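Notes to accompany the following structure.
Bear in mind that the values here come from a model prediction, so they are computed numbers and not experimental data. Numbered from 1 within each chain, the chains take letters A, B, ... in sequence-line order.
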Protein chains: 2
Amino acid sequence: MNIGAAAERTCLPPKTIRYYEDIGLVAAPRDANGYRAFGAAELHKLAFLGRARTLGFTIEDCRTLLALWEDKRRSSENVKRVAEVHLKAIEQKIAMLQSLKQTLSDLVENCAGDERPECPILDDLAGKRI
Amino acid sequence: MNIGAAAERTCLPPKTIRYYEDIGLVAAPRDANGYRAFGAAELHKLAFLGRARTLGFTIEDCRTLLALWEDKRRSSENVKRVAEVHLKAIEQKIAMLQSLKQTLSDLVENCAGDERPECPILDDLAGKRI
DNA sequence: GGTGGGGCTTCCAGTTAGTGGAAGGTCAAG
DNA sequence: CTTGACCTTCCACTAACTGGAAGCCCCACC
């Protein structure tokens, strides 16, 4: 299967698949003409990567998870640790964004949003606290 | 005031201040020796930028907001629009992260996390839905 | 057999918002 | 006069791709 078909099956752009090969995540063997030939194994790895990426794991996380996935003697403990660290990071990001949202929506609410120049948003940015 | 002092006052690293000059956000005049000389105006702009960045505005948003801030004939409507778009983006990001967190914490919860190789996290990534 | 269009290859450059480091000029203290 | 801290510029690197150019390759159509 050529890269275009593999891209369609895995919902990853061809560019991304080539990039994953570049950084050593998934290598497909080549046909005589130099085209990449994707088999079931490569498709599975790509799908694995796609899912892991949509779950927000970094590429380096993916590398680790892929290695664990391939290691039949792995312990689930290792996988769980990676996932838990990632989960903590997500929770922190959510908390940060929520406090950000609070501040920003307060500012937006207090702004008239009309033709006049007075603007509490700019005042806040400039450091004049209300 | 030299860049080091300006950095301390504005809580921005010197590198960042130089970068902001590079991309045309804030330019400080120079002393005879070539050192940047920061006055009150530049410090205010830098503080404005620092605050806007911690609120998650992009550099391009900052450029717009800075221009509006300097324009005494601005209408607060324009500012509010920028802030509202940003707020919407934040809300979307929060929603995405929360659904992510849900999925991931479900997976983590179902993983034994011991020395056995069975792992629902990897199963999910591989596409075997529980 | 030639041609056209699409798909494939590689490589280079750009994205965001800085950060790290090297090479060299400047300043104030001892 | 030297030392160390500070300043300057410039280049390279980060994450995870994405866009585009130049050049093969394959297949269908005439």
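- For dA16(D), the OP1/OP2 oxygens have no side-chain nitrogen or oxygen of T16(A) closer than 4.0 Å.
- A donor-acceptor distance shorter than 3.5 angstrom exists from the side chain of N110(B) to the backbone of D106(B), with no hydrogens or angles considered.
- Between the two ends of the helix from dG1(C)-dC30(D) to dG30(C)-dC1(D), each summarised by a five-pair axis, the helix axis turns through 30° (rounded to 10 degrees).
- Counting only distance, with no hydrogens or angles, the side chain of E42(B) and the backbone of G39(B) share a donor-acceptor pair below 3.5 Å.
- Put simply, the side chain of H86(B) gets close to the backbone of L55(B): a donor and an acceptor are under 3.5 Å apart.
- Note: OH (Y35(B)) to C1' (dC27(C)) measures 6 Å, nearest angstrom.
- Counting any heavy atom pair closer than 4.0 Å across all strands shown, P14(B) reaches no nucleic acid atom.
- Two residues are said to be in side-chain contact when any heavy atoms from C-beta on lie closer than 4.5 Å; L12(B) and Y20(B) meet this criterion.
- One interatomic measurement links the two molecules: CG of D22(A) to P of dT9(C), which rounds to 12 Å at whole-angstrom precision.
- At whole-Å resolution of the value, CG in L46(A) and P in dA16(D) are 16 Å apart.
- No donor-acceptor distance shorter than 3.5 angstrom exists from the side chain of R116(A) to the backbone of S76(B), with no hydrogens or angles considered.
- An OP1 or OP2 oxygen of dG7(C) is reached within less than 4.0 angstrom by no side-chain nitrogen or oxygen of R18(A).
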Please list, pair by pair, any protein nitrogen or oxygen found under 3.5 Å from a nitrogen or oxygen in nucleotides 13-17 of chain C.
unit_1: dA17(C); atom_1: O3'; unit_2: R53(B); atom_2: NH2; d: 3.4
unit_1: dA17(C); atom_1: N7; unit_2: Y19(B); atom_2: OH; d: 3.4

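- The nearest whole Å value for the distance from the CD1 atom in I17(A) to the P atom in dC17(D) is 11 Å.
- Side-chain atoms of S99(B) do not come within 3.5 Å of backbone N or O of A95(B) as any donor-acceptor pair.
- Here the shortest heavy-atom pairing between L104(B) and A83(A) reads CD2-O, 4.0 Å.
- Distance alone, capped at 3.5 Å, places no donor-acceptor pair between the D31(A) side chain and the N33(A) backbone.
- With rounding to whole Å, I3(A) atom CD1 is found 15 Å from dC25(D) atom C1'.
- A sub-4.0 Å separation between OP1 or OP2 of dC26(D) and a side-chain N or O of N33(A) is present.
- Distances shown here put a side-chain N or O of R36(A) below 4.0 Å from the OP1 or OP2 atom of dT10(C).
- Atom CD1 of I23(B) is separated from atom P of dT19(C) by 12 Å (rounded to the nearest Å).
- Map A5(B) and K15(B) each onto its nearest nucleotide of DNA chain D; the residue landing nearer the 5' end is A5(B).
- Between N2(A) atom CG and dC8(C) atom P the separation is 5 Å, expressed in whole Å.
- Side chain of K80(A) to main chain of C111(B): a donor-acceptor pair is present (N/O by atom type, distance under 3.5 Å, no hydrogens or angles).
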